Amino acid sequence: MSSPEKSEIIYQIYPKSFQDTNGDGLGDLQGIIDRLDYIKSLGVTMIWLNPIFESPHVDNGYDVSDYYTIDSKYGDELIVDRLIEAAHANGLKVMFDLVLNHTSTKHWWFQEALEGPNNRYRDYYIWKKSARKDHPPNNWASFFGGSVWELIDEDSMYYFHLFDKEMPDLNWRNPNVREEMIRIALYWLDKGVDGFRLDAFIHLEKEHGYPDVPYADPGQCSIAEEYYANLPKVDDYIKEFVLKIKKHYPNVYILGEAASADPDRGVQYTLPRGEACNSIVSFRYFPMKDRLNDEQFLIDGKPEMLDVKQFKQVMAEWQSKLGEISEPTLYLNNHDMPRAVSRLGDAKKFREDSAKTLATVMYLQKGVPVILNGEEIGMKNLEVKSWENSRLKNGQETVNWLIEKGVSEKVLKEYLSSISINASRGAMQWTDGEFAGFSTEEPWSGVNRESHYNVAAQASNTTSILSHYRILLNLKKRALFSIGNYEMYVVKSPILAYGRQYKSEKAIIIANLSDETQTSEIKRLKSLKYEILLQTGTVRVCGDTLIELAPFASIVLIIKEKKEKR
Ligand code: GLC
Ligand code: CA
């Protein structure tokens with residue numbers, strides 16, 4: 001079991017959007033060095049950088065062309081050494097993003113492999129001849145659209161790619177590939193890196209024989225997760241990888257990206273301790289209600305809403321299944337999702353309170369917080385103007401439908417922002433200046449310019465979202481909120497309430513996760529004496545157990561000794 005000192009608090013930095021120092025509109029490593037004081041002041045223990053290796057940036061660095069070289073857009077070997085050193089000097093660990101599942105087509109292994117079946121790198125990738133001319137070997141779909149198979153200039157020969165066609169999958173059945181990845185990991189560990197986030201590792205194994213999925217429409221491809229996600233062999237690969245690097249670096253921290261893992265699979269990915277991931281990130285934390293067919297959508301433009309009832313069950317399950325044996329991750333944002341305050345909260349009417357309450361609810365649970373840069377100042381989705389970089393395949397149709405229905409331009413713009421793959425990758429808002437203090441030039445991604453939602457405006461304001469995050473992360477250092485027991489209470493949704501207990505210390509967290517005032521009976525409060533530790537928005541206690549919470553209000557109570565019975 002982890003001790004409070006050992007529990008990590010991770011700050012995710014999207015390097016391309018964090019801080020530019022040479023005026024090219026792209027964030028860089030010097031920018032991260034310059035901001036270490038700020039990062040440290042948040043109370044985090046580790047920074048995770050999205051990929052910074054050499055890459056043609058077909059997928060913002062997840063298409064690596066050389067794992068041993070820093071992308072020149074971001075810096076060079078000297079500067080990465082300086083970053084690691086400076087982070088350590090500030091008491092911060094450094095986690096790199098390691099893409100195990102695929103490389104860029106520009107990687108020299110793939111270039112060699114293209115030479116033909118006799119090349120020694122051929123077997124680093126996955127090849128298959130199709131039995132049917134002009135048809136791929138099977139009907140599996142890539143996550144980025146179309147088939148997973150790409151034809152090359154040989155007779156009906158295809159290579160496999162789960163993501164973009166310029167990101168061919170590595171063949172993990174080949175022990176040389178596994179050794180290469182271990183060598184890469186050790187190279188960076190030798191340089192002082194403290195951990196890795198394992199990108200898309202759940203896809204390392206694909207079903208032998210590559211059978212068609214039965215449910216695809218004739219002539220069409222279909223996502224085939226059962227054949228390329230979470231297969232049992234993945235555990236063996238990870239165990240080998242982890243054991244071989246832990247032999248040299250026993251304390252390396254492994255955060256696995258396990259998008260489609262449910263809590264049971266999550267348990268398997270973190271066991272046995274020391275031979276698997278320390279923790280994993282599942283994308284299944286936030287069950288959403290689709291509001292596209294809801295008339296309300298046309299008025300306020302909010303495309304989705306958190307299904308709080310289900311969310312409570314999901315959280316309780318992750319907490320109970322992983323809480324005892326390893327550590328669940330606690331997160332609201334990452335670079336692949338829209339910003340939480342726009343998606344789960346209400347970025348228009350209750351931005352301040354929804355940002356704070358979501359954080360309170362999430363981070364006071366048991367586990368490792370993973371905070372995306374900008375979340376701590378309530379950054380919302382990047383405003384995009386045009387129809388590009390959408391994450392939805394039928395996005396254009398939806399937009400046409402909305403225009404036909406007569407939605408306002410404002411609502412349409414918000415919708416486009418919510419489905420843009422860059423929704424959460426906007427430039428970090430440091431100031432209210434022209435380019436938000438991120439750069440002296442137009443940022444690559446565009447930028448939201450906002451007077452209150454920037455670091456400068458919030459840093460010295462004790463009631464800001466930023467101050468709230470600092471308080472929360474400080475609370476996280478208490479055993480009560482790190483290793484204390486967790487219990488989800490049965491209360492009427494959209495109110496959520498849970499308890500934490502460590503020895504004789506006890507806390508209750510109560511929150512309204514909706515945009516309307518809610519009243520609920522919290523039976524647990526009966527006969528308790530408590531003190532308010534943290535409050536967001538208006539909360540009224542009416543009588544012994546009845547509580548009324550304004551939209552997105554929340555309260556953290558510390559339970560004192562029992563009330564005397566009269
Ligand atoms: C992960 C990353 C995502 C990337 C994909 C392919 O899901 O988070 O951004 O596109 O892997 O590497
Ligand atoms: Ca730059």
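The model shown is predicted, which means the values in this text are computed figures rather than measured ones. Start at 1 and go down the list; that is how both ligands and their atoms are numbered.
Counting only protein N, O or S atoms, the number found under 3.0 Å from the Ca ion (ligand 2) is 5.
Applying the ring-ring contact (aromatic ring centres under 6.0 Å, His included) test to Trp172 and every residue at least two apart in sequence or in another chain returns Tyr237. Annotation: ring-ring contact (aromatic ring centres under 6.0 Å, His included) contacts of Phe163 (sequence neighbours excluded): His102, Phe143, Phe144.
With contacts defined as side-chain heavy-atom distances shorter than 4.5 Å, the pair Tyr74/Pro51 does not qualify. Proximity of Thr103 to Val64: side-chain heavy atoms (C-beta onward) are nowhere separated by under 4.5 Å. At least one side-chain heavy atom of Glu179 sits under 4.5 Å from a side-chain heavy atom of Lys244.
Side-chain atoms of Arg197 never come within 3.5 Å of backbone atoms of Leu255 as a donor-acceptor pair (strictly under, hydrogens ignored).
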Would you mind writing out a table of all protein N or O atoms found under 3.5 Å from any N or O atom of ligand 1, naming both atoms and giving the distance to 0.1 Å?
from     : atom 1 : to     : atom 2 : distance (Å)
ligand 1 : 7 (O)  : Glu257 : OE1    : 3.3
ligand 1 : 7 (O)  : Glu257 : OE2    : 2.8
ligand 1 : 8 (O)  : Arg197 : NH2    : 3.0
ligand 1 : 8 (O)  : Glu257 : OE2    : 3.4
ligand 1 : 8 (O)  : His335 : NE2    : 2.8
ligand 1 : 8 (O)  : Asp336 : OD2    : 2.4
ligand 1 : 9 (O)  : His335 : NE2    : 3.1
ligand 1 : 9 (O)  : Asp336 : OD1    : 2.7
ligand 1 : 9 (O)  : Asp336 : OD2    : 3.4
ligand 1 : 10 (O) : Asp59  : OD1    : 3.4
ligand 1 : 10 (O) : Asp59  : OD2    : 2.5
ligand 1 : 11 (O) : Asp199 : OD1    : 2.8
ligand 1 : 11 (O) : Asp199 : OD2    : 3.2
ligand 1 : 12 (O) : His102 : NE2    : 3.0
ligand 1 : 12 (O) : Asp199 : OD2    : 2.8

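Environment of NZ in Lys239: sparse, with no more than 12 heavy atoms of neighbouring residues, nucleotides or ligands closer than 6.0 Å.
With Tyr124 as the aromatic partner, Arg122 does not meet the cation-pi criteria of under 6.0 angstrom to the ring centre and within 45 degrees of the ring axis.
For the atom pair OG1 (Thr45) and CD1 (Ile39), the distance works out to 12.5 Å, reported to the nearest 0.5 Å.
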